[in-house]
Student: 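Below is one structure. I have some questions about it.
For this chain, numbers begin at 1 and follow the sequence in order. If you're wondering where the values come from, they're calculated on a predicted model, not measured in any experiment. Order of appearance sets the numbers: ligands from 1, and atoms from 1 within every ligand.
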Amino acid sequence: MRPAPARPRPEHPAPTGPRCRASVMAASSPPRAGELLAEARRAFREEFGAEPELAVSAPGRVNLIGEHTDYNQGLVLPMALELVTVLVGSPRADGLVSLLTTSEDADEPRRLQFPLPTAQRSLEPGTPRWANYVKGVIQHYPDSGSVAARAQVCQQAEHSFAGVPCGIMDQLIALLGQEGHALLIDCRSLETSLVPLSEPKLAVLITNSNVRHSLGSSEYPLRRRQCEEVARALGKESLREVQLEELEAGRELVSKEGFRRARHVVGEIRRTAQAAAALCRGDYRAFGRLMVESHHSLRDDYEVSCPELDQLVEAALSAPGVYGSRMTGGGFGGCTVTLLEASFTSQVMQHIQEQYSGTATFYLSQAADGAKVLHW
Ligand code: GLA
């Protein structure tokens, strides 16, 4: 195969995107699948002198609730976004892989070629960094079979090629997302259930703080270790097995910080189950309250928020028509997610931007499909 990824993971939207300073606020509209496909086909033709034989897309995601629970075997509730990565390619017979990205944010070089891995010779991570995600998947792919195994291969690629000891949420939602639904994922059993999210009066607003603190890369693995240590100290396999009462009872066995980290995780798993139930019965107020509790817990107990994210959440919560708002993803910058009445969207964006000391970028997306083959 010679895939040509057209965009990096849209999970961390590029801070160079269009800004929203106009008096009538509009969400930024990055290119969607059709546009990206045309661009990828054109780049492929220019590079290889032929039409690609295959095209696929995979979505970005936003996590509605259930933060830092996936690597604790807990519950998460993400939805797939309409923002996608498109990849086109064709098989080749000479055992080589040629890659080309058209992403403006990718580091150089944007083209590279290497031999397919064999039993004797593995691929190694290196530069350019954008290619590590692709190389990692190629290296681990022969181990995959069912859908869950494919997600695990992609997770493995992220661990060993991108150096992030992430959970399984991003990969599962990218594969299993379904239009009009959020996905409740049990990260212990890998069972998933679709939760309807297609009420036209409801909007999901993603606000990029456009900050990313360098802390993120070292603090994420540290949080993961702290959680594992607390579970071990309590004689459990993971924090999923721990109830709040047990944690309280075992307080003396763990550090003060470890206790607070675990209190977030244990509470967040419970909140995620409650939030999925609230969404099922259309109780958006209850959902919103749980989002706010989640944010406070991430800020105070888990300590993965930052002043910019806190400011964005506070701003959203003081706007009309908002049910709830919270930081989303790993933290230390990145995005917030806000659930609101759709008719208030531009007012809410305007309000947030006025209150925010930085420059925010807004994204609106319906819950979309997971990875799929594209046809033209
Ligand atoms: C990152 C990781 C996910 C998850 C979130 C926090 O996005 O990639 O696996 O752990 O952080 O919920």
Student: Enumerate the atoms of ligand 1 whose separation from the nearest heavy atom of D70 is less than 4.0 angstrom.
Tutor: 3 (C), 4 (C), 9 (O), 10 (O)
Student: Which of the numbered atoms in ligand 1 are under 4.0 angstrom from any heavy atom belonging to M169?
Tutor: 4 (C), 5 (C), 12 (O)
Student: Under 4.0 Å from a heavy atom of G330: give me the atoms of ligand 1 that qualify, with their elements.
Tutor: 7 (O), 11 (O)
Student: Any heavy atom of R61 sitting closer than 4.0 Å to ligand 1?
Tutor: yes
Student: So, is I168 polar-close to ligand 1, with some N/O to N/O distance under 3.5 Å?
Tutor: no
Student: Strictly below 4.0 Å, N to O, side chains only: are R261 and E303 in salt-bridge contact?
Tutor: yes
Student: So that I can tick it off, tell me whether E35 and R32 are bridged by a salt bridge, with the cut-off set at under 4.0 angstrom between side-chain N and carboxylate O.
Tutor: no
Student: Are there more than 12 heavy atoms of other residues, nucleotides or ligands under 6.0 Å from atom CD of E341?
Tutor: yes
Student: Any atoms of ligand 1 less than 4.0 Å from a non-hydrogen atom of C166? List them with their elements.
Tutor: 2 (C), 8 (O), 9 (O)
Student: Can you tell whether the side chains of R225 and E229 come within less than 4.0 Å, N to carboxylate O?
Tutor: no
Student: Decide yes or no for E51 and R41: does some side-chain heavy atom of the first lie under 4.5 Å from some side-chain heavy atom of the second?
Tutor: yes
Student: For atom 8 (O) of ligand 1, which candidate among T69, D170, L172 provides the closest heavy atom?
Tutor: D170
Student: Is any side-chain heavy atom of S57 closer than 4.5 Å to one of K372?
Tutor: yes
Student: Among Q171, E67, R223, which residue places a heavy atom closest to atom 12 (O) of ligand 1?
Tutor: E67
Student: Ligand 1 and Y71, any nitrogen or oxygen pair closer than 3.5 angstrom?
Tutor: no
Student: For ligand 1, which atoms, with element, lie under 4.0 Å from some heavy atom of G167?
Tutor: 9 (O)
Student: Would a distance-only check, ignoring hydrogens and angles, find a side-chain to backbone donor-acceptor pair under 3.5 Å from Q155 to G167?
Tutor: yes
Student: For R129, does the CZ atom sit with more than 12 other heavy atoms under 6.0 Å from it, leaving out its own atoms?
Tutor: no
Student: With respect to H68, determine whether any N or O atom, backbone or side chain, lies less than 3.5 Å from an N or O atom of ligand 1.
Tutor: yes
